[in-house]
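Reviewing the structure listed below.
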2 protein chains.
Amino acid sequence: MKRLAILGSTGSIGQSALSIVEQFPERYAVAALAAGRNVDQAFAQVQRWHPQMVSLATEELAGQLAARLREAGVSGIEIVYGTAGTVACSTLAEADFVVSAIVGVAGLEATHAAILAGKPVGLANKECMVAAGEILTRSARERSVPILPIDSEHNAVHQCLRVGSHDEVKTIWLTASGGPFRQTPLKEFAGITPEQALKHPTWVMGRRITIDSATMLNKGLEIIEACRLFDVVPGQVRVTVHPQSTVHSLVEYVDGSIVAQISVTDMRLPILYALAYPERPKSNLTFDLAVLRHLEFEEPDFERFPCLRLAFDAAKKGGAHCIALNAADEVAVEAFLERRIPFLGIPRTIEEVLARTPEAHPETIAEVLAADRDARETARALLYK
Amino acid sequence: MKRLAILGSTGSIGQSALSIVEQFPERYAVAALAAGRNVDQAFAQVQRWHPQMVSLATEELAGQLAARLREAGVSGIEIVYGTAGTVACSTLAEADFVVSAIVGVAGLEATHAAILAGKPVGLANKECMVAAGEILTRSARERSVPILPIDSEHNAVHQCLRVGSHDEVKTIWLTASGGPFRQTPLKEFAGITPEQALKHPTWVMGRRITIDSATMLNKGLEIIEACRLFDVVPGQVRVTVHPQSTVHSLVEYVDGSIVAQISVTDMRLPILYALAYPERPKSNLTFDLAVLRHLEFEEPDFERFPCLRLAFDAAKKGGAHCIALNAADEVAVEAFLERRIPFLGIPRTIEEVLARTPEAHPETIAEVLAADRDARETARALLYK
């Protein structure tokens with residue numbers, strides 16, 4: 001029985017992780033939930049899963065939850081809050097495995113704390129790996145703590161890497177759906193609205209990641225994540241546009257063999273893989289190959305999707321540039337959704353922030369968070385001046 | 001340095017194996033060559049590779065080769081012949097690895113002898129596994145001798161099986177090009193000529209295997225081979241028609257993940273994989289994923305390709321039925337190439353031979369060869385009566 005600490009339990013990945021616990025009650029239980037701002041949902045999750053500890057974003061929200069639980073006659077649950085609360089969840093002695101699914105750098109400290117506490121991590125939060133991958137992977141290596149990727153591409157890569165040794169890897173091919181503007185002519189990009197950009201062809205996701213998918217910055221973050229997770233250089237990572245989103249990624253070996261992972265587009269599958277690794281439990285998430293008719297692969301267009309080029313450049317520089325790429329994008333996406341800048345303003349903002357970012361390699365999480373704040377300030381100064 | 005015994009050195013797989021030795025002189029050398037009937041080519045191979053032993057089909061051919069080598073001033077090479085000669089090559093003390101690439105059951109005794117002598121085998125000869133798979137795999141298990149499949153589908157499966165455990169395998173999906181008659185209407189099958197059937201859309205191969213590809217009996221043999229090599233039941237093996245022949249096979253796991261192997265259609269790649277396993281040496285056999293545009297997968301049509309159904313039936317019965325499937329097909333294909341029977345006479349003959357075959361499970365290679373002779377006689381009696 002694995003007891004899980006789920007960071008970001010009320011988000012989409014957190015909910016999927018809980019549905020896996022529901023399907024495999026003989027394998028998994030819930031030790032701790034870090035839930036953010038949604039008190040109603042946190043209350044329902046606590047009633048359903050009886051964790052030992054639950055964390056909310058603020059002291060006030062924690063108080064509200066405590067009152068609700070008292071009314072409902074639920075006792076014996078430790079209620080904590082804020083970053084310290086999330087860290088308390090991720091390092092809880094009774095937790096055997098941490099699902100890191102808080103969006104953005106907010107989950108960074110708790111994820112690092114989990115690794116330092118020797119707990120295996122299922123990582124759904126790509127910003128953690130982009131901003132602090134060098135630190136997280138070093139700590140994980142030093143303590144022999146496995147980091148199992150939960151997003152579909154890196155999970156696919158993790159599987160495909162089992163077919164050879166690290167030295168035999170030539171190229172990691174990340175597949176990209178291409179987003180809603182895969183076939184949109186370049187001249188129409190200037191007029192793209194938030195409503196158009198929020199319509200993703202395959203996956204239903206949060207607002208920022210949907211916009212990041214439309215600009216392909218999301219794939220850019222995944223390039224950096226792949227470099228860190230799998231200890232490869234940016235030249236070993238390539239992107240192939242695969243609109244069907246059924247091949248989740250591929251690994252090419254030096255002998256010429258390419259291995260690909262194919263499955264339904266359902267996040268429960270990579271979550272189950274990460275939780276159960278190295279086992280594969282029987283699931284109902286089957287993919288009918290017999291109905292698979294067409295797969296397409298095309299080269300990405302770096303002209304229409306400049307975020308890809310920016311990401312490769314940042315991956316090569318590493319450190320502060322990766323942090324700035326992610327931070328500047330988050331600020332720029334907000335500004336785009338507020339109709340303050342056009343669609344092409346997103347890569348333009350990132351590029352300008354990167355140009356103002358000094359080359360640096362933060363050594364601690366505090367330095368990472370400081371670099372993240374600096375980049376956000378630079379972006380805001382550019383956008384809200 | 002691995003020293004190879006290559007059985008079937010003058011055939012297409014044998015030549016490809018030698019081209020791998022040529023490319024990797026620091027890894028491989030030639031200890032023995034079993035060459036069949038082509039004295040000219042055997043002479044050239046001996047001069048080029050200086051094996052310790054060479055075998056030809058008959059005493060007379062061996063004498064011819066001995067004379068040629070004397071004339072050329074080449075000495076110190078042991079020249080043997082016949083089945084005993086092939087066995088001497090496959091069990092040569094100085095050979096570290098045996099490439100089994102003699103077509104048909106002719107390579108069976110030497111392959112089994114290699115396994116009994118504890119030598120790892122790269123198996124290109126699918127008839128061995130179809131006719132005597134139960135015996136070969138039992139001997140290999142008892143002596144912990146690896147059998148590494150060299151045909152592209154099973155080699156792909158071998159790779160994909162590294163991504164999970166045996167108990168986690170749900171389905172092995174063998175890909176099939178579909179052959180030249182994939183889209184031919186059923187009513188035109190009666191009139192198919194040898195010339196039409198000998199045109200294979202993707203691979204250039206021998207005559208029998210090309211006809212077997214057109215009837216899909218070849219895929220049927222591979223179903224049986226997969227059951228034996230990978231210790232699965234026929235219900236765990238399925239065929240998917242994939243005209244591009246770039247995905248060489250797939251393995252579906254119980255959790256819902258499917259893993260596929262993709263590469264150029266060049267036999268040197270599976271040969272290199274088998275020779276180097278578990279390593280993957282760098283090769284120039286690269287596949288450009290960026291130019292990959294379309295992959296198709298469709299269900300095979302059991303009505304137009306009755307050989308597939310016959311093979312699944314034989315796989316379920318095992319033993320003598322698998323032997324008879326292969327033997328009857330070989331006789332029927334000869335008759336078809338001689339224009340003695342029509343294209344659809346091939347499955348009809350196999351079906352009739354299978355109906356006359358008693359259920360039996362030969363325990364020795366001699367019993368296998370006897371069952372093989374019986375089935376050939378039954379087929380000839382039907383065809384040449």
At a heavy-atom separation under 4.5 Å, does [X] approach chain B through its side chain, its backbone, both, or neither?
X	value
A:Leu250	side chain
A:Pro270	neither
A:Ser257	both
A:Glu279	both

| message | I need the residue from B:Cys160, B:Ser283, B:Ala276 with the largest number of non-hydrogen atom pairs under 4.5 Å to chain A. | response | B:Ser283
What is the distance from atom [atom1] of [X] to atom [atom2] of [Y], rounded to the nearest 0.5 Å?
X	Y	atom1	atom2	result
B:Leu161	A:Arg162	CG	CZ	11.5 Å
B:Glu168	A:Lys282	CD	NZ	12.5 Å
B:His294	A:His294	NE2	NE2	7.0 Å
A:Trp173	B:Ile262	CH2	CD1	11.0 Å
B:Tyr253	A:Gln159	OH	CD	9.0 Å

| query | Within the distance-only criterion (no hydrogens, no angle test), does the side chain of A:Arg280 pair as donor or acceptor with the backbone N or O of B:Gly256 below 3.5 angstrom? | reply | no
| task | Select, from A:Thr286, A:Leu285, A:Val163, the one with the greatest count of heavy-atom pairs under 4.5 Å involving chain B. | result |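 With the most close heavy-atom pairs to chain B, the winner is A:Val163.
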| Hey, are the side chains of B:Leu269 and A:Asp255 touching, using non-hydrogen atoms and a 4.5 Å cut-off? |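 B:Leu269 vs A:Asp255: side chains touch.
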